[in-house]
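Keep in mind the model is a prediction, meaning the values are calculated, not measured. Note: hydrogens, waters and symmetry copies are ignored here, and every other heavy atom, side chains too, is used. Protein chains get the first letters and strands the later ones, always in sequence-line order, with residue 1 at the start of each.
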Amino acid sequence: MNVTVIGANHRTMPMGLRERLAVGREQMPTMLTELQARFAPEVVVLSTCNRFEVYLARLSGELLPSAAVLAEWLAARLTTASTQSLHPSGSAGLPVSAGITAVELQRYLYQYQQREAVRHLFRVACGLDSLVVGEDQIANQVKSAYEQAQQVGTVGPLLHALFQQARVVSKRVRRETGVAQGKMSVASLGLDYLRQVFASFRDKTVLLLGAGKIGELTLKHLLALRPKRVLVCNRSRHKAEILAQAYQGEVWPWDRLDDALVEADIILSATGSQEVVVTRQRLEKVLPNRLGRRMAILDLAVPRDFDPAIAELEEVDLLLNVDDLHRIRDEVLRERLKHVPAAEALVQSETDSFIADWARRSLGPAIARLCQEWERIRLEVQQQCLSRLNGKLSPEDLAIIEGAFRLLQNKYLHVPLTALREEVQRGGRLLEALLRLFGLHTSSD
Amino acid sequence: MDWNRVSVICFAASYGVAWLAEVLRLWKPDWKPLRLVMLGFTAAGLVAHTAYLATRWAPIGGEGRSLMWLAWIVAFLGLYGAVHYRRIAWALFVLPVVLGLITLGSSLAGKQGLPSLVGPMDTWLITAHVALLILGGVGVCVSFIAGVMYLVQSWRLRHKQALGNGLRLLSLERLEAMIRHGVAWAFPLWTAGVVMGLIMLWPRQEWSWFDPKVLSGALLVVVFALLLDLRYRQHERGRRFAWGAILAFVLLLLALSIETFAPSWHRFGGGS
């Protein structure tokens, strides 16, 4: 196995520099092709807002570039981009204040090779190396990076196997450990709680109070559950109309808010009001008109729109505000961290088994070639010897001589092949040495 | 295998192990063997329970036998729920009820035998009386289990607890529907069972409306009526409704076991 990863992430490199290194979808094919032409036949580039990583691999044992070499190339690329006043991602704008030297850039880069590179990719795919441990977006980003490289044609057998396995490991870790349990975004957390109150949303009315971004985002998530009705109630009717149009809702006049509170089953509130919009007394007045229907409130506004005392009302099944959601999110994260050791152990075991599998896969053809070569030599020598003794030997003698040659071949091959199997399991380079020693390299390597 | 040797301990222990496995799932929710242990032991318990009831088959029996049948039906529903709702901690709530019914049933067995003064003509009436009460009891047990789950779920939401992988419950809306259906199912069946019992008691001179058995049975009918009124007329949905379901379950146990501590004419022979 000959694979390396060189890159930087949120821990090693400041955001400003990461932004400059980031590669957009449009620039990716060019970058992959250039990297392939310069450094290795197999290349995948993983570029997200938190990391930039280049995976390089080749089947032969030729050296792959070091972090210093790649840093030099990247620095040159950044300088070129800065002279064109273009952000590397292609979006014009972000001015590059100054070029960066390769030495400076190298300070921020890490490099993992062979087994460590495999382990690193598995950790990244599982979200163990992410800013928010266990986040699920990274698994898709890894998949997308692989697919892009595949389209460009920079994925070979090694990176193909590695990235496929990374997907499997990511799924396994998320399924078998609690490292990805719970939701981390305020909107999806809120939705999870609503699901604990309501069995079905198709007969429910959602009231969006205010036109805040977070409220809109949560509504967007909620619409996936297909509520019956969406009411948008905002002080500015114009904003309410825009939102109502975007989400097939109805505009509800602000001065009839009490009626809206009667109609709604789910309330998403995100007004910019500096005071409480719905006090306990106000809600208590409208509750009798609701005929005991369930009520769940996600108060996403800061400061709060709903009086916290409302949570004590028997008729209100759920009242969550932003502080609650943030606290719950922290709890989820703390809970996830408890599962990190189990996830790391799983990654380690998957790394070992990938290395062993790959060794078996790569060893097969090499051993076959080695045996064929020895077979050819044996037959050649045997033929020479037997042709000199032509006619002097009985069939039994011929069989004994042939057997002796075969035995000699097997005895000679036994020790190197055993050593080879053991060494390759450990990730050593004996296979490469042996192939060179016996002149078994092919041009395809 | 000699099924006659199956005792109460066999299936009670099996249900107990299944419940422990379900408790452990709260900490290790994704560890599949625990779920398999829970399902396996519940199923094994149910098989032994069935064998126990089949080998001691009798068309009618005392309260002890009725409770064993009730426990069997609840265990069956519990197993169905555990298979159907993979992630819900179903057995956690169902199996204690099953174990409670078995314990009470086995403590009553032997103390209360068949009514000795019943004529052959009344056999079908008694069978129908017992069957209706058992089926009504199933509704009460279902609404009780859903009621307890409702209160736990409601407590979690009111205290804004993080929804981890551990204890997963149905939504409040679904649980409330279960309570409602349980009560709606139990009310007519239990009432019919009580009425049938009264019809059998009527010709006898000794019984009175103040007989503890009659009182507790009738009280349960009143509670059902109140619960349905609360739900459909007063639109009560919340925790009070769940507490009502729990009260109904307590009254059910009381009605089935009252003869052990209060003299009753129910046994047609004049008390214990």
Answer key: most heavy-atom pairs under 4.5 Å with chain B among Asp324(A), Asp192(A), Ile328(A) is Asp324(A)
Within the 6.0 Å centroid threshold, strictly below: Trp185(B) and His181(B): no
With a 4.5 angstrom heavy-atom cut-off, which part of Leu175(B) approaches chain A: side chain, backbone, both or neither? neither
Salt bridge or not for Asp299(A) and Arg304(A), using N-O below 4.0 Å? no
Can you tell me which portion of Tyr150(B) sits under 4.5 Å from chain A's heavy atoms? Options are side chain, backbone, both or neither. side chain
So which residue, Leu291(A), Leu194(A), Leu189(A), ends up with the most heavy-atom pairs under 4.5 Å with chain B? Leu291(A)
Aromatic plane relationship, Trp69(B) with Trp72(B) - under 30° parallel, 30 to 60° tilted, over 60° perpendicular: perpendicular
Could you check which of Arg195(A), Arg329(A), Arg294(A), Glu312(A) has the highest count of heavy-atom pairs closer than 4.5 Å to chain B? Arg294(A)
Does Trp90(B) CH2 have over 12 foreign heavy atoms under 6.0 Å away? yes
Checking Glu331(A) against chain B: side chain, backbone, both or neither under 4.5 Å from a heavy atom? side chain
For Asp317(A), which atoms come within 4.5 Å of any heavy atom of chain B: side chain, backbone, both, or neither? both
Check this for me, if you would: do Arg229(A) and Glu263(A) make a salt bridge, where the nitrogen-to-carboxylate-oxygen distance has to be below 4.0 angstrom? yes
Measure Leu318(A) against the heavy atoms of chain B and call it side chain, backbone, both or neither at under 4.5 Å. side chain
Asp307(A) and Thr279(A): side chain donor to acceptor below 3.5 Å: no
Could Arg256(A) and Trp252(A) be counted as a cation-pi pair, given that NZ or CZ must be under 6.0 Å from the ring centre and within 45° of the axis? yes
Give, as side chain, backbone, both or neither, the part of Arg175(A) having an atom under 4.5 angstrom from any heavy atom of chain B. backbone
